[in-house]
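In this chain, residues are counted from 1 in sequence order. These numbers come from a predicted model, not from an experiment.
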Amino acid sequence: MASRIHNRHDHSYKLLFSHPEMVRDLLTGFVKEAWVEQLDFSTLEKVSGSYVTEDLRDREDDIIWRVRWGDDWLYVYLLLEFQSSEDQHMAVRVMTYQGLLYQDLIRQEAFTPSGKLPPILPIVLYNGEKRWTAAQNIADLVERVPGGLERYRPDMAYLLLDEGAIVNDPAWSDQMRNVAAALFRLEHNRDEQDMLEVLGSLVEWLKAPEQTGLRRAFVVWMRRVLLPSRAPEMELPEFTDLQDLHEVHDMLAERVKQWPERWEEKGRIEEARENLLSLIKLKFGDVPQWVDGRVEQADHAQLKAWMDKVLFADNLDEMFER
């Protein structure tokens, strides 16, 4: 069940970020660097799957765009990351994918006017509950060795956009007209009224006929991810366009009255999860990834049962009956 929801999330996010408006708002809203102002967003162009090698096509959850930056193209490699726990070696993956993309650009002879390779902006878009702490540069993962060897250490960073950290940052403004920001607010909000207001804003922002595709992409995400996670027992009417949300607004408004109780239960589970991981680390040292995954998927009763066992178990395999 969890893997099916995970896959629906991946595919619906990929559908959303297959629209140029989402990529434009992602860059203008969350990349606070001067060069972004020099991009010609009217030239945003999604790189087709046939353009890249099989190695990159296997990365089904990643999307590659390019946009004009003066006389050159800038390639935006967008990695969508929906795992429950962060990848401590994401910087290695990013370096690998960036190298594969450069190999493809060489094969296509996609050089700048000066004959060099075009710049690539690697973005990791992460929507997990926990905050991202993994290294954001491959250099931080490679041991420093004195005596001159350090000059050969790779140095390549990626841009992390941690949705949860963004929407919880007091310095972040949620008043801007930005469809990517609206997506983040919908996914991470704990205020049911705020969710309804964001939906109302999207209806207004995306009412133009040429935005039909993006409206439908939001509807797919809402039906498959947002509403099932917020109201799993609610029967959803058939609707194919954001304009139809007016018909279900009253139903949602009634349903969300129950959501504070669900958030309270979720808070209890998060507290139990943190306490258990602290006990495991105290007794056994570092927490293996497979343990972190088991804990992440457990309900409150299972977490409490493991807390009782951690005091008497000789090892993690025994504790988790592995």
Side-chain angles (χ1 to χ4, degrees), residues 13-49 51-52 56 59 62-81 90-91 93-95 97-126 132 136-139 154-163 165-167 169 171-185 201-202 205-206 208 210-211 213-214 217:
Y13 249 62
K14 183 177 181 180
L15 180 61
L16 282 166
F17 284 98
S18 293
H19 291 271
E21 299 97 324
M22 292 292 292
V23 179
R24 178 201 63 206
D25 283 7
L26 190 70
L27 294 175
T28 58
F30 302 104
V31 183
K32 304 299 184 181
E33 298 175 8
W35 58 266
V36 176
E37 301 175 2
Q38 303 172 23
L39 298 178
D40 181 0
F41 289 105
S42 67
T43 66
L44 263 173
E45 176 183 314
K46 191 168 180 288
V47 177
S48 66
Y51 181 86
V52 296
L56 280 180
R59 288 290 306 160
D62 298 347
I63 306 171
I64 303 173
W65 286 84
R66 67 177 186 172
V67 60
R68 281 287 184 186
W69 183 24
D71 295 331
D72 300 335
W73 285 104
L74 167 70
Y75 285 77
V76 179
Y77 196 134
L78 186 59
L79 292 87
L80 308 178
E81 198 64 19
M90 173 59 77
R93 291 170 53 192
V94 171
M95 182 178 67
Y97 303 150
Q98 197 163 346
L100 290 171
L101 179 54
Y102 271 131
Q103 287 182 346
D104 284 330
L105 294 175
I106 293 171
R107 275 190 285 269
Q108 296 289 331
E109 297 185 358
F111 303 109
T112 67
S114 63
K116 294 186 177 182
L117 291 166
I120 295 175
L121 172 65
I123 301 177
V124 174
L125 182 59
Y126 169 70
W132 188 274
Q136 297 175 38
N137 191 316
I138 182 66
D155 184 1
M156 183 178 293
Y158 61 87
L159 173 63
L160 171 71
L161 294 181
D162 183 340
E163 295 180 14
I166 289 171
V167 299
D169 184 349
W172 179 67
S173 172
D174 59 1
Q175 301 303 315
M176 56 183 172
R177 177 169 175 152
N178 185 299
V179 288
L183 175 66
F184 299 168
R185 286 179 61 193
S201 297
L202 281 174
W205 296 345
L206 302 179
E210 61 268 22
Q211 294 169 316
L214 183 53

Give, for atom [atom1] of [X] and atom [atom2] of [Y], the distance between the pair rounded to the nearest 0.5 Å.
X      : Y      : atom1 : atom2 : value
Phe30  : Leu161 : CZ    : CG    : 7.5 Å
Leu39  : Arg68  : CG    : CZ    : 12.0 Å
Arg177 : Leu202 : CZ    : CG    : 10.0 Å
Leu15  : Ile63  : CG    : CD1   : 9.0 Å
Leu159 : Leu78  : CG    : CG    : 10.0 Å
Gln103 : Leu117 : CD    : CG    : 11.0 Å

For residues [X] and [Y], report the shortest heavy-atom separation together with the two atoms involved.
X      : Y      : answer
His19  : Gly213 : CE1-C, 3.2 Å
Met22  : Leu183 : CE-CD2, 3.8 Å
Pro122 : Ala157 : CG-O, 3.6 Å
Gln211 : Glu21  : CG-OE2, 4.0 Å
Asp72  : Pro113 : OD1-CD, 2.9 Å
Asp25  : Ala180 : CB-N, 4.1 Å

Is there a donor-acceptor pair closer than 3.5 Å between any side-chain N or O of [X] and the backbone N or O of [Y]?
X      : Y      : answer
Trp65  : Phe17  : yes
Tyr102 : Pro118 : yes
Arg24  : Leu27  : no
Asp155 : Ala139 : no

Give every residue pair that meets the side chain to side chain donor-acceptor pair (under 3.5 Å) criterion with at least one member in residues 109-125, sequence neighbours excluded.
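Output for this query lists Thr112-Ser114.
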Got Thr43 and Trp69 here, is their nearest side-chain heavy-atom distance under 4.5 Å?
no
Please examine the side chains of Tyr97 and Ile120, heavy atoms only from C-beta on, and report whether any two atoms are closer than 4.5 Å.
no
Under the side-chain contact (heavy atoms from CB on, under 4.5 Å) criterion, do Phe184 and Leu125 qualify, and how do the steps go?
CA-CA 11 Å; Phe184 299 168; Leu125 182 59; 3.7 Å; yes
Glu210 atom CD, neighbour heavy-atom count above 12 within 6.0 Å
yes
Show your working on side-chain contact (heavy atoms from CB on, under 4.5 Å) between Met90 and Leu79 and close with a plain yes or no.
CA-CA 10 Å; Met90 173 59 77; Leu79 292 87; 4.2 Å; yes
